[in-house]
Number of protein chains: 2
Amino acid sequence: MSGNQTIDEPTAAAGRRERRRAETRAEIIDAAWQLAREEGLAGISMRELGARVGMRAQSLYGYVASKNDLYDAMFRQGYEVAGALVASWPAPPLTRAVLKDRLGAWIAFCVEDPVRYQLLFQRTIPDFEPSPASYALAVDVLAGLGEVLGAIGIDDPAAMDLLTAIVTGLTSQQLANDPGGDRWVRLAGEAVDMFLDHYGALPT
Amino acid sequence: MSGNQTIDEPTAAAGRRERRRAETRAEIIDAAWQLAREEGLAGISMRELGARVGMRAQSLYGYVASKNDLYDAMFRQGYEVAGALVASWPAPPLTRAVLKDRLGAWIAFCVEDPVRYQLLFQRTIPDFEPSPASYALAVDVLAGLGEVLGAIGIDDPAAMDLLTAIVTGLTSQQLANDPGGDRWVRLAGEAVDMFLDHYGALPT
DNA sequence: GTCTATATCCAGATAGAC
DNA sequence: GTCTATCTGGATATAGAC
């Protein structure tokens, strides 16, 4: 096990160590997601989380600075996925079919992981506040979503508020009353038609 | 202070005691609502609640059997108010104006107390389960609401799901993004028109 | 890098004195 | 009817041994 290289051996070892550390941290965060899905977001305890990855709770502090830091990492991870989804939105011009498709994809994203939805879009974890960096990312992603909706070409801000309410309502009903199903998700296309017809936008 | 009546004096005293007890219990429940509005529903602690009504936490157990019992009393109280609102819905025939008015009142009820909304309609208090009696009341009230919406005369269940999604979405956006304001609440009338026009119901 | 041991704090709930 | 005292159990987090 002794080194046979002279200069960059310690550096390489440090890199390996770092990589290993990052892997363990990722494993911890994955386990935290799964635990949250079973026990609820607020139900994550450091004891139980440690047990899931084969450590005592205290040892986790070598990888996350605090419980808030853990939540923050999950928050960031969630918004990175959301950001990728928003970035995949095709460039204008926007058609009805594209709008339906993209809003459908957004709702699917929201609905596919209730715990993630709760962490990213609701404010229900006691005492959790995202770090400035993570918060900035969230603001960015949501601004991107707004921009993309602006391409519909409706000027009335009230109309846009109504659209976000429809999307939120479908999501919220789906999560609350038919989790895992599609009773409300499948109404998205019809809802978009209803909305666009009412405001005479994006004619077929 | 000695009794000057012979038979029903002890009974009257017992009635007074009972009445006093009920008053104290009501005071505790009121304080719990207020505490929940400040600290969140999950933030109610028996210690702090006791302090609010001038008792030690332990003494509360003379009035509520457990913390779950306290939540249950609040849950029941909330659904009693909701039930009264639903019962006030006028008899058919239903007009567009009446529908707008009643749905507006319902949304206003939901929005006027976020904590109550959370307790009644979301499932976010860890380990709280309503008693069978309270749950039955809730089912009753919601069934009444459904009946009343049935009077619109749209047969398509998907359409009714879309309507509930719209109402939920307006409520949810209002609570999340403009608490205390009316940015989404005021869109209810327009939303109802959009919905009814789309399905050709309740012509003006 | 993980452990044991521990500090600190808070929760809900019960027993029994006054 | 409210108190003091106490039980039980859980949480996050730190210090220091190995």
Side-chain angles (χ1 to χ4, degrees), chain A residues 1 10 13-29 31-32 35-36 38-75 124-131, chain B residues 1 10 12-29 31-32 35-36 38-75 119 124-131:
Chain A
M1 294 287 185
R16 239 191 340 268
R17 238 188 342 263
E18 189 105 352
R19 206 169 339 112
R20 186 91 182 94
R21 220 184 95 90
E23 277 167 20
T24 304
R25 185 176 148 99
E27 190 189 333
I28 288 169
I29 294 171
L35 181 53
E38 293 169 29
E39 308 282 334
L41 215 38
I44 296 178
S45 84
M46 299 299 269
R47 287 208 222 285
E48 177 64 20
L49 179 57
R52 296 290 179 104
V53 295
M55 289 180 192
R56 322 254 20 191
Q58 301 93 313
S59 306
L60 294 171
Y61 290 88
Y63 301 94
V64 294
S66 66
K67 199 181 177 183
N68 198 79
D69 181 44
L70 173 68
Y71 280 132
D72 191 60
M74 297 166 77
F75 182 86
T124 148
I125 319 99
D127 302 322
F128 166 58
E129 290 225 53
S131 64
Chain B
M1 293 288 184
R16 242 194 334 270
R17 237 186 346 259
E18 189 106 351
R19 205 167 342 111
R20 185 92 181 94
R21 219 183 96 89
E23 276 166 22
T24 304
R25 185 176 148 99
E27 190 189 333
I28 288 169
I29 294 170
L35 181 53
E38 293 169 29
E39 309 282 333
L41 259 184
I44 296 178
S45 84
M46 300 299 270
R47 288 209 220 287
E48 176 64 22
L49 180 56
R52 298 289 181 103
V53 295
M55 291 180 189
R56 322 247 34 186
Q58 301 92 315
S59 306
L60 295 171
Y61 290 88
Y63 301 93
V64 294
S66 65
K67 200 181 177 183
N68 198 79
D69 181 43
L70 173 68
Y71 279 132
D72 191 61
M74 298 166 75
F75 182 86
L119 179 62
T124 147
I125 318 101
D127 302 323
F128 166 59
E129 291 226 53
S131 65

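Numbers restart at 1 for each chain; the letters A, B, ... are given by sequence-line order, proteins then strands.
Dashed line: the shortest gap from a side-chain N or O of A:Y61 to OP1 or OP2 of C:dT2 is not under 4.0 Å. One finds no side-chain N or O of B:R47 lying less than 4.0 angstrom from the OP1 or OP2 phosphate oxygen of C:dC10. For C:dC3, one of the phosphate oxygens OP1 or OP2 lies less than 4.0 angstrom from a side-chain nitrogen or oxygen of A:S59. Considering only side-chain N and O atoms, B:R56 lies under 4.0 angstrom from the phosphate OP1 or OP2 of D:dT4.
Rounded to whole angstrom, the span from the CE atom of A:M55 across to the P atom of D:dT12 amounts to 16 Å. Atom CD in A:Q58 sits roughly 15 Å away from atom C1' in D:dC18 (whole-Å rounding). Regarding A:R20, its CZ atom lies at a distance of 9 Å from the P atom of C:dG1, rounded to whole Å. D:dT12 atom P lies 12 Å from atom CG of A:D127, rounded to whole Å. Going from atom CG of B:L60 over to atom C1' of D:dG1 covers 12 Å, rounded to whole Å. As a whole-Å value, the separation of A:M46 CE from C:dC9 P is 20 Å. Distance A:K67 NZ to D:dA11 P: 8 Å, rounded to the nearest Å. As rounded to whole Å, 10 Å separates atom P of C:dA11 from atom CG of B:L35.
A salt bridge is absent between B:D72 and B:K67: the closest approach of a Lys/Arg side-chain nitrogen to an acidic carboxylate oxygen does not fall below 4.0 angstrom. A salt bridge between A:R19 and A:E23 is absent, with no side-chain N of the basic residue lying under 4.0 Å from a carboxylate O of the acidic one.
As judged by a 4.0 angstrom heavy-atom cut-off over every strand, A:I44 is placed among residues touching the sugar-phosphate backbone only. Within the 4.0 angstrom heavy-atom criterion, no nucleotide atom of any strand lies near A:T24.
Within 6.0 Å of CD in A:E38 there are more than 12 heavy atoms belonging to other residues, nucleotides or ligands.
The minimum heavy-atom distance between B:L70 and B:L49, with the atom names listed, is CD2-CD2, 3.6 Å. Here the closest heavy-atom approach between residue B:F75 and residue B:P130 is recorded as CE2-CB, 3.7 Å.
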